[in-house]
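Heads up: the structure comes next, in C-alpha cells.
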Amino acid sequence: QVQLVESGGGLVQPGGSLRLSCAASGRTFSPYVMGWFRQAPGKEREFVAAINLSGTNTIYKDSVKGRFTISRDNAKNTVYLQMNSLKPEDTAVYYCAGDPTLGGVSTSRSNYDYWGQGTQVTVSS
C-alpha cells in the first residue's frame with residue numbers, strides 16, 4: 001500500500017507564495033503519475049496540476065498556469081507544488097494524488113488510486 005501525506009498549507013496574503021509537499025511512503029514510489037487537486041467549500045474537487053514519473057511532462061489547470069509549478073524529487077519520494085501570486089480564489093483544501101499504472105498525466109479524479117488527506121490553503125486579505 002501507498003500512503004500520501006500533504007504539508008505546507010497555511011494562511012497567506014493575496015500575492016503571496018506557498019510550497020506544498022506530498023510525501024509518499026509504503027510501496028515503492030516508482031512508477032507513479034502524481035497530481036494535485038483542490039476543493040473549495042461547496043464546490044467540486046478540481047484538477048490543479050500533474051506530473052509524470054520522470055518529471056519531463058507536466059500539465060496545469062488554465063487558471064494556475066504561470067503561477068503554479070509542480071515538481072518531484074524521486075529520491076525523496078516527494079512531489080511539490082510551488083504556488084506564487086496567490087489569489088483568494090485559490091483558497092481550498094489541496095489534495096495530493098498518485099497512481100502506479102497511468103501511462104501519462106491525467107486530469108481525471110477517477111484515474112488516481114491513492115489520495116492524501118489534504119492541506120488547507122487560505123488566501124485572504
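Position 1 is the first residue of the sequence; numbering continues from there.
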Give a yes/no verdict on a cation-pi contact between R45 and Y95, requiring under 6.0 Å between NZ or CZ and the six-membered ring centre and an angle within 45° of the axis. yes
With a 4.5 Å cut-off on side-chain heavy-atom distances among I, L, V, M, F, W and Y, is there a chain of contacts connecting V2 to I51? yes
In terms of heavy-atom contacts, does CD of E89 have more than 12 from other residues, nucleotides or ligands at under 6.0 Å? yes
Please check if the side chain of S106 supplies one atom and the backbone of N111 the other of a donor-acceptor pair under 3.5 Å. no
Does any non-hydrogen side-chain atom of L81 lie less than 4.5 Å from one of Y94? yes
Membership question, hydrophobic clusters at under 4.5 Å side-chain separation (ILVMFWY): are V12 and V48 in the same one? yes
CD (Q117) with more than 12 external heavy atoms under 6.0 Å: no
Tell me, do Q120 and T91 make a side-chain contact under 4.5 Å, heavy atoms counted? yes
Just by distance, with hydrogens left out, do T122 and S124 show a side-chain donor and acceptor under 3.5 Å apart? no
Could you walk me through whether V105 and T58 pass side chain to side chain contact (heavy atoms under 4.5 Å, CB included), step by step? CA-CA 7 Å; V105 293; T58 58; over 6 Å; no
How many angstroms lie between OH in Y80 and OG1 in T69, if you round to the nearest 0.5 Å? 14.0 Å
Which of L4, N52, D99 passes side chain to side chain contact (heavy atoms under 4.5 Å, CB included) with M34? It is L4
Within one Ile-Leu-Val-Met-Phe-Trp-Tyr cluster: L86 and I70, side-chain cutoff 4.5 Å: yes
In terms of side-chain geometry, is the basic nitrogen of K65 or D62 positioned less than 4.0 Å from the acidic oxygen of its partner? yes
Is there a side-chain contact between T78 and R72 in this structure, where contact means two heavy atoms from C-beta onward sitting under 4.5 Å apart? no
Could you go through R38 and E46, starting from their C-alpha distance and side-chain angles, then the distance that decides it, and tell me whether this counts as side chain to side chain contact (heavy atoms under 4.5 Å, CB included)? CA-CA 5 Å; R38 67 187 184 187; E46 65 179 6; 2.7 Å; yes
Short side-chain to backbone donor-acceptor contact, E6 and C96, under 3.5 Å: yes
Given side chains that start at C-beta, do those of D90 and R67 come closer than 4.5 Å, heavy atoms only? yes
Which pairs pass ring-ring contact (aromatic ring centres under 6.0 Å, His included) with one or both residues in residues 33-72, sequence neighbours excluded? F37-F47, F37-Y112, F37-W115
Return all side-chain donor-acceptor pairs below 3.5 angstrom for residues 13-23, not counting sequence neighbours, or 'none' if the list is empty.
| unit_1 | atom_1 | unit_2 | atom_2 | d |
| --- | --- | --- | --- | --- |
| S17 | OG | N84 | OD1 | 2.9 |

Which residue pairs pass the salt bridge (Lys or Arg N to Asp or Glu O under 4.0 Å) test with at least one member in residues 101-118, sequence neighbours excluded? none
